[in-house]
Undergrad: 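Sharing a structure, written as structure tokens. Questions coming.
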Amino acid sequence: MLVRDAMSSVILTIGPAHTLRQAARLMSARCVGSAIVLDPDTSGLGILTERDVLNSLGAGQDPDRERAHAHTTSDVVFAAPQWTLDEAARAMSHGGFRHLIVLEAGDPVGVVSVRDIIRCWTGARQPAPALAG
């Protein structure tokens, strides 16, 4: 199975000046765990993840004052739609991250997460088994 089969084509893009609260609201509204940060001044792509927001909050920073650019990962590893899921999982495991921006012809076309890969490998979105209380 390929990255194109697992990736979400629902991508959220934000600017570097968005506050972390704005980013979190947008991520929550779209039910995504990351936002692609487009910086028009650098022509670069970065990624802001739910973990970045959580780390900032855990450090006591104000989500209304903190800007996305200060928490964005800019040395991003990109995936191609034709990568296998094994290749994507290896890249994530090697880099210690859970999201890959998928590029095609230099443009972002999706995001693939560990959760997306697991869903494909397990066959479907099945309800979790009930836990004994």
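Sequential numbering from 1 along the given sequence is applied to the chain's residues.
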Undergrad: Enumerate the residue pairs fulfilling salt bridge (Lys or Arg N to Asp or Glu O under 4.0 Å) with a member in residues 72-94, sequence neighbours excluded, ordered by first and then second residue.
TA: none

Undergrad: Atom CD1 of I117 and atom OG1 of T84: how far apart are they, to the nearest 0.5 Å?
TA: 9.0 Å

Undergrad: Report the residues that fulfil side-chain contact (heavy atoms from CB on, under 4.5 Å) with A70, sequence neighbours left out, ordered by chain and then residue number.
TA: E66

Undergrad: Taking all non-hydrogen atoms of both residues into account, name the closest pair between F78 and W83 and its distance.
TA: O-CH2, 3.3 Å

Undergrad: For G110 and I11, which heavy atoms make the closest approach, and how far apart are they?
TA: CA-CG2, 3.5 Å

Undergrad: Which atom pair, heavy atoms only, marks the closest approach of L38 to L45?
TA: CD2-CD2, 2.6 Å

Undergrad: If the condition is side-chain contact (heavy atoms from CB on, under 4.5 Å), which residues does S74 pass it with, not counting sequence neighbours?
TA: none

Undergrad: So V3 and Q82, do their side chains get closer than 4.5 Å, heavy atoms only?
TA: no

Undergrad: Taking all heavy atoms of S8 and all of D116, pick out the closest pair and write down the distance.
TA: N-OD2, 4.2 Å

Undergrad: Taking all non-hydrogen atoms of both residues into account, name the closest pair between V112 and A6 and its distance.
TA: CG2-CB, 4.2 Å

Undergrad: Quick one: CG on L12 to SG on C31, what's the gap to the nearest 0.5 Å?
TA: 11.5 Å

Undergrad: I need the H69 NE2 to L48 CG distance, nearest 0.5 Å.
TA: 11.5 Å

Undergrad: Could you walk me through whether M7 and V111 satisfy the side chain to side chain contact (heavy atoms under 4.5 Å, CB included) test, starting with their C-alpha distance in whole Å, then the side-chain angles of each, then the deciding distance to 0.1 Å, before giving a yes or no?
TA: CA-CA 5 Å; M7 72 181 194; V111 174; over 6 Å; no

Undergrad: Counting C-beta onward and ignoring hydrogens, is there a side-chain heavy-atom pair between L20 and R67 closer than 4.5 Å?
TA: no

Undergrad: Anything under 3.5 Å between a donor and an acceptor, one on a side chain of residues 91-109, the other on a protein residue two or more places apart or in another chain? List them.
TA:
none

Undergrad: Looking at T72 and A68, would you say the former's side chain and the latter's main chain have a donor-acceptor pair under 3.5 Å?
TA: yes

Undergrad: Identify all side-chain donor-acceptor contacts of residues 50-63 below 3.5 Å with residues at least two apart in sequence or on another chain.
TA:
from	atom 1	to	atom 2	distance (Å)
D52	OD2	T49	N	2.8
D52	OD2	T49	OG1	3.2
N55	ND2	R51	O	3.4
S56	OG	Q61	OE1	2.6
D62	OD1	D64	N	2.9

Undergrad: Is V10 reachable from I14 through a run of hydrophobic residues whose side-chain heavy atoms are each under 4.5 Å from the next?
TA: yes

Undergrad: D5: what forms a side-chain contact (heavy atoms from CB on, under 4.5 Å) with it, not counting sequence neighbours?
TA: M1, L2

